[in-house]
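One structure is given here, and the rest of the page talks about it.
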There are 2 protein chains.
Amino acid sequence: MPHPPVHSPTILCTVDVVLLTLAVDGLQVALLARDRAPHAGALALPGGFVHPGEDAGTHGAAARMLREKAGLHSPYLEQLATFSGPDRDPRGWSVSVVYYALVPPMAQDVGATSAVEWHSVDRLPPLPFDHTEIVHQALARVRSKSQYSSLPVHLCGERFTLPQLKAVYEAVLGERVNQVSFRRRMDELGMLEPVVGELVGGAHRPAQVWRVKAAHRTGVSLSARVLGGER
Amino acid sequence: MPHPPVHSPTILCTVDVVLLTLAVDGLQVALLARDRAPHAGALALPGGFVHPGEDAGTHGAAARMLREKAGLHSPYLEQLATFSGPDRDPRGWSVSVVYYALVPPMAQDVGATSAVEWHSVDRLPPLPFDHTEIVHQALARVRSKSQYSSLPVHLCGERFTLPQLKAVYEAVLGERVNQVSFRRRMDELGMLEPVVGELVGGAHRPAQVWRVKAAHRTGVSLSARVLGGER
DNA sequence: CTAATAGTGTCTATAAGACAGTATACT
DNA sequence: AGTATACTGTCTTATAGACACTATTAG
């Protein structure tokens with residue numbers, strides 16, 4: 001069977017980004033009002049076409065989406081999966097390479113000029129295309145990976161206390177984490193270093209401030225075992 | 001910044017499949033001599049262009065590659081990742097959605113008319129494009145996932161003994177597996193059922209024959225913990 | 001001193017691995 | 001009976017969780 005022409009004109013190649021952060025009421029996802037058809041005006045994941053002349057790969061395209069649409073640079077940006085089919089986009093047969101990114105809460109304000117709306121992942125509005133399914137898969141990945149890795153540190157600012165980081169883990173995993181196990185785990189991962197300054201916790205014993213060692217800023221550290229929960 | 005025309009003509013959209021099986025000397029990957037430029041004649045992963053008119057998605061396209069190029073149907077076919085960039089294919093900016101598949105050794109013969117060559121993953125010939133990197137990532141995924149799931153059962157035929165299955169796990173993981181832990185794990189996963197017939201092991205006590213329960217034929221069962229090895 | 005949170009020491013529970021024992025076939 | 005392999009009982013070891021204790025701050 002002969003192949004179609006090399007430059008197949010009928011496949012749309014796009015990139016979408018599930019940009020997550022953490023607020024007081026849990027994980028939030030960044031949504032943006034679409035500025036063109038289809039679904040003009042509807043809230044959707046930041047995304048767009050891959051620009052072959054501009055992007056070095058889909059990862060670079062995803063980073064560009066974050067820069068152009070949310071006005072920020074995310075140190076953690078990982079491929080989630082690729083979604084495709086004839087019906088997910090009314091314009092035609094489409095392929096969307098989806099990435100997910102985690103940013104600390106403060107990063108929201110950096111791109112304050114952008115039109116990003118943050119929505120709790122527990123109260124998602126209806127989303128166009130297959131974006132609801134995409135967000136659910138991203139959440140599943142983040143929760144699963146948080147069980148055995150340092151992923152959640154990317155939801156913290158540059159400096160944080162262990163009780164703060166523990167609260168972040170609990171917010172992501174949706175369950176309490178054992179304090180002793182947590183501190184043991186963070187020690188074993190060996191990616192945190194104490195900062196000599198301290199931080200008052202309300203009006204009580206102040207907690208040690210930590211930060212991620214330079215070597216671990218962009219990736220994640222993995223553990224062979226799991227903190228709480230089930231896979 | 002305006003988007004390019006909807007039907008961007010400059011992105012090649014392809015699918016590649018890392019098809020794995022198990023031989024006496026370990027995991028083997030299916031390679032096929034390319035029948036056209038670029039790299040005509042070179043051994044490469046089975047793959048090809050997505051056909052929008054024919055494929056319901058990239059998963060379907062990968063299944064079609066297996067059918068057309070290897071003459072077989074794989075019950076286990078999962079997305080690995082998507083590879084992209086301007087330089088990986090000399091024809092231009094390309095996106096390849098890569099899947100991996102596991103088949104039992106006998107399945108090789110079903111597609112005997114095909115030109116598939118099986119190569120040990122430990123002695124890969126030089127591969128074109130970024131196929132070497134792709135195979136390595138697929139192996140890493142299979143090995144990692146085998147630690148906490150039933151993935152390797154797809155490398156067995158329909159009926160097998162537990163000692164046989166244990167040997168498959170050991171071949172994939174590249175290390176010995178504790179016998180008691182292994183049997184406990186298989187019991188907990190609860191996806192195997194005994195077949196009343198038995199099977200002679202050389203000239204000694206015969207082993208019980210098992211098969212995967214119907215409900216678990218196509219997917220994998222997951223365990224919260226890990227068998228040997230480190231992540 | 002009290003209250004409240006940070007951090008640690010230590011016991012318990014659970015699950016994986018080691019090892020040796022029993023079971024069952026063939027020669 | 002001998003032997004090789006299948007299978008199991010049970011002890012040991014490793015690690016996560018529970019719980020209580022100490023530490024340090026403000027008021």
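By convention in this document, chain letters (A, B, ...) are assigned in the order of the sequence lines, proteins followed by strands, and residues within each chain are numbered from 1.
- We find that CD of Glu175(B) is positioned 11 Å from P of dA18(C), with the value rounded to whole Å.
- The shortest heavy-atom contact between Asp89(A) and Phe129(A) is OD2-CE2, 3.7 Å.
- A straight line from CG of Leu162(A) to P of dT8(C) spans 9 Å, rounded to a whole angstrom.
- Gln79(A) and Arg141(A) make their closest contact through O-NH1, 3.4 Å (heavy atoms, listed as atom of the first residue, atom of the second, distance).
- With rounding to whole Å, Glu170(A) atom CD is found 12 Å from dG17(D) atom P.
- A donor-acceptor pair under 3.5 Å is absent between the side-chain atoms of Arg67(B) and the main chain of His73(B), judged by distance alone.
- Applying ring-ring contact (aromatic ring centres under 6.0 Å, His included) to Tyr76(B) and the options His59(B), His216(B), His154(B) leaves one that passes, His154(B).
- When the C1' atom of dA6(C) is taken as reference, atom NZ of Lys166(A) falls 11 Å away, rounded to whole Å.
- Judged by distance alone, with hydrogens and angles left aside, the side-chain atoms of His131(A) form a donor-acceptor pair with the main-chain N or O of Leu45(A) at under 3.5 Å.
- Applying a 4.0 Å cut-off to non-hydrogen atoms, the residues of residues 177-188 of chain A that approach DNA chain C are Gln179(A), Val180(A), Arg183(A), listed by residue number.
- Shown are Thr58(B), Thr82(B), Asp16(B); of these, the side-chain hydrogen bond (donor to acceptor under 3.5 Å, both in side chains) with Ser96(B) is made only by Asp16(B).
- One can place OH of Tyr148(B) at 16 Å from P of dA16(C), the figure rounded to the nearest angstrom.
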Please list, for nucleotides 25-27 of chain C, all pairs of protein and nucleotide N/O atoms separated by less than 3.5 Å.
from	atom 1	to	atom 2	distance (Å)
dC26(C)	O4'	Ala203(B)	O	2.9

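- Lys213(B) contributes a side-chain N or O that, together with a main-chain N or O of Gly190(B), makes up a donor-acceptor pair within less than 3.5 Å.
- A salt bridge between Lys166(B) and Glu170(B) is present, with a side-chain N of the basic residue lying under 4.0 Å from a carboxylate O of the acidic one.
- The CH2-P distance, from Trp210(B) to dA6(D), rounds to 14 Å in whole Å.
- Counting to the nearest Å, the P atom of dA16(C) and the CZ atom of Arg176(B) are 19 Å from each other.
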